[in-house]
Trainee: 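One structure, as structure tokens, below. Some questions next.
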Amino acid sequence: MNLQNLIRPEIQKMTAYQVPESTGLVKLDAMENPFAWPDEMKAEWLELLSTAEPNRYPDPSAKELVTSLRECFGVSAELGVVLGNGSDELIQLILMAMNHDACVMAPTPSFVMYQHIANSLGLPFIGIPLSKDFSLDMPAMLAAIKKDDPAVIFLAYPNNPTANLFSDDDLLAILDASNGIVVIDEAYQPFAHKTFLNRVRDFEQLLVMRTVSKLGLAGLRLGFVVGHKNLTGQLEKVRLPYNINVFTQLTARFAFKHIDVLDSQAAIICEQRERLLESLSSFDGLNVFPSEANFILFSLRSDSAERVFDALKQAGVLIKKMGKVQGLPAECLRVTVGSDSENKLFLEKIHSIL
Ligand SMILES: *Cc1c(COP(=O)(O)O)cnc(C)c1O
């Protein structure tokens, strides 16, 4: 018996998503919010958790959570909402609902899970390199849309790992040109103050995806997608009934009641981002790219990203090494904006390494 033969060839070719070990390191690699909750809020939350019933299945449609989410993010009753165990799961769910001959498109570089999940489902992925300034290469995008007629186009807004917002006019032109679904992935919306959520009503093929991960609840695993009900209703059939667990439902509702706490943490992160951008830009040898997210991409003019990454890790600071990615300059690193003290430590260490 050869069990390997049971596995589809495209799966055999893949490598599992790697998350580096981070024990004992200052973690500036995964766009997490560094701040804890105020003590009273944490105490209130623990009290609430004690009312949870882990012996019972969660509410399969998470009605109360959806209600508070609609209120918190201003999603009108006429639009549909689908919840995911993280927005990663929503990407998978959207692609699982597509025809077997569907193709998936995104600019590159962008969020790696678009390609990873397309590959895992055997759907061809077409990456269109961004322009040098990380804007969308519109002639190439529009030509590829015409030629390949993608069933789904993913656009991260702001984009990861380049940290910029694409132009509204470009996104509208893509919506206009596409016969397929256009997913605008707003994972970093808390730091960008721009959104397409209020335009979902105008476009039947538009899905706007959000996550609470970057806002400060990465451990919960909760994402949501908003779209016209005829589309979200189809996606709802693919969603597993209990994908949002009891603790996530309770905690997310609680957090949405205290959204001002998370919003003010995001505001502090935006302030810290400006300071970090300014300090990094003052170092010789770095090209620092603008950011509308909670991370900063920079490249080394004449040093190796691997060397700087390893030396930072030795010094106790974990950031992200970008490696060779189509559409990205060579020798790129990505750092998450942390707390004031974390950022200072990072700056001190990278200064001495450079
Ligand atoms: C982090 C990230 C996600 C994944 O978010 P989860 O909800 O934690 O799964 C989705 N899209 C982009 C662009 C991201 O950077």
Side-chain angles (χ1 to χ4, degrees), residues 14-15 17-20 28-32 87-88 91 104-119 124-144 150 153-167 170-171 174 183-188 191-192 214 273 276-277 280-281 283-313 317-337 346 350 353-354:
M14 292 174 68
T15 39
Y17 187 76
Q18 301 291 326
V19 178
L28 298 178
D29 67 325
M31 285 77 121
E32 291 149 321
S87 44
D88 287 350
I91 299 166
V104 181
M105 187 174 286
T108 59
S110 193
F111 186 48
V112 292
M113 293 310 285
Y114 307 146
Q115 179 162 15
H116 187 87
I117 293 169
N119 288 345
F125 176 86
I126 298 166
I128 309 296
L130 292 172
S131 307
K132 259 206 147 63
D133 63 357
F134 300 148
S135 62
L136 290 165
D137 180 345
M138 285 306 285
M141 285 294 294
L142 294 176
I153 302 173
F154 287 103
L155 298 159
Y157 179 81
N159 189 39
N160 171 12
T162 57
N164 59 312
L165 284 164
F166 299 132
S167 105
D170 288 353
L171 298 191
I174 288 171
V183 181
I184 298 190
D185 177 352
E186 298 192 344
Y188 299 98
F191 315 101
K214 314 297 158 59
R273 171 185 70 204
L276 192 54
L277 276 168
L280 277 177
S281 302
F283 293 174
D284 292 335
L286 298 187
N287 283 321
V288 182
F289 301 102
S291 171
E292 310 259 11
N294 64 340
F295 60 90
I296 295 171
L297 181 75
F298 58 98
S299 70
L300 300 157
R301 292 206 181 108
S302 55
D303 206 330
S304 129
E306 172 128 21
R307 184 192 80 84
V308 174
F309 171 84
D310 288 340
L312 275 169
K313 198 168 166 189
V317 181
L318 182 65
I319 65 168
K320 172 86 175 170
K321 178 174 61 181
M322 297 313 302
K324 263 203 171 30
V325 186
Q326 194 184 25
L328 208 60
E331 311 304 335
C332 270
L333 295 166
R334 187 190 71 193
V335 63
T336 303
V337 179
F346 161 71
I350 194 169
I353 291 162
L354 293 171

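Quick note: numbers below take in every heavy atom, side chains included, and nothing from hydrogens, waters or symmetry partners.
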Trainee: What pairs of residues pass the side chain to side chain donor-acceptor pair (under 3.5 Å) test when at least one of them lies in residues 108-118, not counting sequence neighbours?
Mentor: S110-N159, Y114-D185

Trainee: L155 and P107: which non-hydrogen atoms are nearest, and at how many Å?
Mentor: CD2-CD, 3.9 Å

Trainee: Run F289 and F134 through ring pair (Phe, Tyr, Trp, His ring centres under 6.0 Å) and show every step you take.
Mentor: CA-CA 10 Å; F289 301 102; F134 300 148; 5.0 Å; yes

Trainee: ring-ring contact (aromatic ring centres under 6.0 Å, His included) with F125: which residues, sequence neighbours excluded?
Mentor: none

Trainee: Is the number of heavy atoms from other residues, nucleotides or ligands under 6.0 Å of K313 NZ greater than 12?
Mentor: no

Trainee: So which atom in L277 and which in S291 form the shortest heavy-atom distance, rounded to 0.1 Å?
Mentor: CD1-N, 4.3 Å

Trainee: I need the M322 CE to S299 OG distance, nearest 0.5 Å.
Mentor: 12.0 Å

Trainee: If you take all heavy atoms of L165 and A192, which pair is closest and at what distance?
Mentor: CD2-CB, 4.2 Å

Trainee: Could I get the full list of side chain to side chain contact (heavy atoms under 4.5 Å, CB included) partners for S167, not counting sequence neighbours?
Mentor: D169, D170

Trainee: Is any side-chain heavy atom of F111 closer than 4.5 Å to one of D88?
Mentor: yes

Trainee: For the pair I128 and L136, evaluate side chain to side chain contact (heavy atoms under 4.5 Å, CB included) and give the outcome as yes or no after the intermediate values.
Mentor: CA-CA 9 Å; I128 309 296; L136 290 165; over 6 Å; no

Trainee: Between R307 and L354, which heavy-atom pair has the shortest distance, and what is it?
Mentor: NH2-CA, 4.4 Å

Trainee: Would you say the side chain of I184 lies within less than 4.5 Å of the side chain of F154, judging by non-hydrogen atoms?
Mentor: no

Trainee: Could you check if a side-chain atom of L286 sits within less than 4.5 angstrom of a side-chain atom of S281, using non-hydrogen atoms only?
Mentor: no

Trainee: Going by side chain to side chain contact (heavy atoms under 4.5 Å, CB included), name the residues that satisfy it together with D284, two or more places apart in sequence or in a different chain.
Mentor: none

Trainee: I'd like to know if the side chain of S131 reaches the main chain of D133, judged simply by a donor and an acceptor atom lying under 3.5 Å from each other, with no hydrogens or angles considered.
Mentor: no

Trainee: Hey, what do you get for CG (L142) to CG (D137), rounding to the nearest 0.5 Å?
Mentor: 9.5 Å

Trainee: Answer yes or no: is there a side-chain heavy-atom contact under 4.5 Å between F283 and V288?
Mentor: no

Trainee: Is there side-chain contact between V308 and K321, with at least one heavy-atom pair below 4.5 Å?
Mentor: no

Trainee: With a 4.5 Å heavy-atom cut-off, do F346 and L276 have their side chains touching?
Mentor: yes

Trainee: List the atom pairs, donor and acceptor, that lie under 3.5 Å between side-chain atoms in residues 327-336 and the rest of the protein, sequence neighbours left out.
Mentor:
residue : atom : partner : partner atom : Å
E331    : OE1  : A305    : N            : 2.7
R334    : NH1  : N160    : OD1          : 3.0
R334    : NH2  : D29     : O            : 2.9
T336    : OG1  : L28     : O            : 3.4
T336    : OG1  : A30     : N            : 3.4
T336    : OG1  : M31     : N            : 2.9

Trainee: Mind checking salt bridge (charged side-chain N to carboxylate O under 4.0 Å, His left out) for E292 and listing every partner two or more places apart, or none if nothing turns up?
Mentor: none

Trainee: Is the Y188 to F295 ring centre distance short of 6.0 Å?
Mentor: yes

Trainee: Could you tell me whether the side chain of D303 reaches within less than 4.5 Å of the side chain of I353, counting heavy atoms only?
Mentor: no

Trainee: For L171 and Y157, which heavy atoms make the closest approach, and how far apart are they?
Mentor: CD1-CD1, 3.5 Å

Trainee: What I want to check is whether the side chains of N294 and R273 have a donor and an acceptor closer together than 3.5 Å.
Mentor: no

